[in-house]
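The structure appears below as structure tokens.
Each residue takes its place number in the sequence, starting with 1. Counting convention: from 1, in listed order, for ligands and their atoms alike.
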Amino acid sequence: MTLKSLTYTSLARLDLAAADLEAIHRTAQGINALEGITGLLVFNGTHFLQIIEGAPQAIDELVGRLRRDSRHSGFEVRDDRLVEERSFATWSMELVRVSGSYFEARDTVTERLPPTVQREVRERVIRMTEAISGTVSL
Ligand SMILES: Cc1cc2nc3c(=O)[nH]c(=O)nc-3n(C[C@H](O)[C@H](O)[C@H](O)COP(=O)(O)O)c2cc1C
């Protein structure tokens, strides 16, 4: 089955609290399990980086909900492609909290990625982690 894999970055609402992040994570895991969506959510204290993968219609509907969600802004699609296989098959939504410093963030994210993840996906995650770390302009 052809799946859609979409990568975006966004800016967390300024007053986002730890409880809000937990609520986002819990909701994401619950809905994604029902919708057949899997993926990765990286949060560095100010920005989100998320990869969502699933049936194209389910992904499009989720993107619609994400764009309306006031807990973040500046929603920007960074990559949008059709894939044959999932990169995060066992993760209904894995939350990876990382440091605001790029080098630490890169190491944390790299450690957490499944060892089987394709090189292209690994490189994209690292590139986008750099983008949200402010070492390159967004
Ligand atoms: C950074 C971030 C990531 C999110 N990830 C997901 C997700 O993976 N799946 C999901 O169903 N909702 C996710 N949500 C929540 C959705 O934006 C939305 O609130 C939720 O799907 C419920 O839809 P509703 O608000 O229209 O009822 C996320 C929200 C934020 C701010």
Can a donor-acceptor pair be found between the side chains of Gln118 and Ser87 at a distance below 3.5 Å? yes

Give a yes-or-no answer on whether the side chains of Tyr8 and Glu76 include a donor-acceptor pair shorter than 3.5 Å. no

Closer than 4.0 Å to some heavy atom of Arg71 - which atoms of ligand 1 meet that? 15 (C), 19 (O)

Which ligand 1 atoms does Ala28 reach within 4.0 Å, using its non-hydrogen atoms? 5 (N), 6 (C), 7 (C), 8 (O), 9 (N), 10 (C)

Which ligand 1 atoms are under 4.0 Å away from a heavy-atom of Ile24? 2 (C), 3 (C), 4 (C), 28 (C), 29 (C), 30 (C), 31 (C)

Closest heavy-atom approach to atom 13 (C) of ligand 1 among Thr27, Leu62, Thr38 is made by Leu62

Any N or O of His72 that comes nearer than 3.5 Å to an N or O of ligand 1? no

Got an N/O contact under 3.5 Å between Tyr8 and ligand 1? no

Quick test of your reading of the structure: of Arg67, Arg13, Arg65, whose heavy atom lies closest to atom 26 (O) of ligand 1? Arg65

What I want to know is whether Arg68 and ligand 1 share at least one N or O pair that is separated by under 3.5 angstrom. no

Ligand 1 contact on Gln50 by region, counting heavy-atom pairs under 4.0 Å: side chain

Is the closest N or O pair between Ser10 and ligand 1 shorter than 3.5 Å? no

For atom 4 (C) of ligand 1, tell me which residue out of Leu66, Asp69, Leu41, Leu16 has the closest non-hydrogen atom. Leu66

Are Glu123 and Arg119 within salt-bridge range, i.e. N to O under 4.0 Å? yes

Check each atom of ligand 1 against the heavy atoms of Phe48 and keep those under 4.0 Å away; list them by number with element. 1 (C)

Identify, by atom number and element, the atoms of ligand 1 in contact range of Met93, meaning under 4.0 Å from any of its heavy atoms. 8 (O)

Protein heavy-atom contact under 4.0 Å for atom 21 (O) of ligand 1? yes

With respect to Thr7, which candidate in Gln50, Arg78, Arg124 satisfies the side-chain hydrogen bond (donor to acceptor under 3.5 Å, both in side chains) definition? Arg124

Please state which protein non-hydrogen atom is closest to atom 9 (N) of ligand 1 and give its distance, to 0.1 Å? Asn32 OD1, 2.7 Å

Please determine whether a side-chain nitrogen of the Lys or Arg among Glu61 and Arg65 lies less than 4.0 Å from a carboxylate oxygen of the Asp or Glu. no

Would the distance check show the side chain of Glu53 and the main-chain N or O of Phe88 forming a donor-acceptor pair, the cut-off being under 3.5 Å? yes

Is there a donor in the side chain of Ser5 and an acceptor in the side chain of Arg81, or the other way round, less than 3.5 Å apart? no

Mind telling me whether Phe75 and His72 have parallel, tilted or perpendicular rings, with 30° and 60° as the class edges? perpendicular

Side chains of Arg106 and Thr129: donor-acceptor distance under 3.5 Å anywhere? no

Can you find a side-chain donor-acceptor pair between Arg122 and Thr110 that sits under 3.5 Å? no

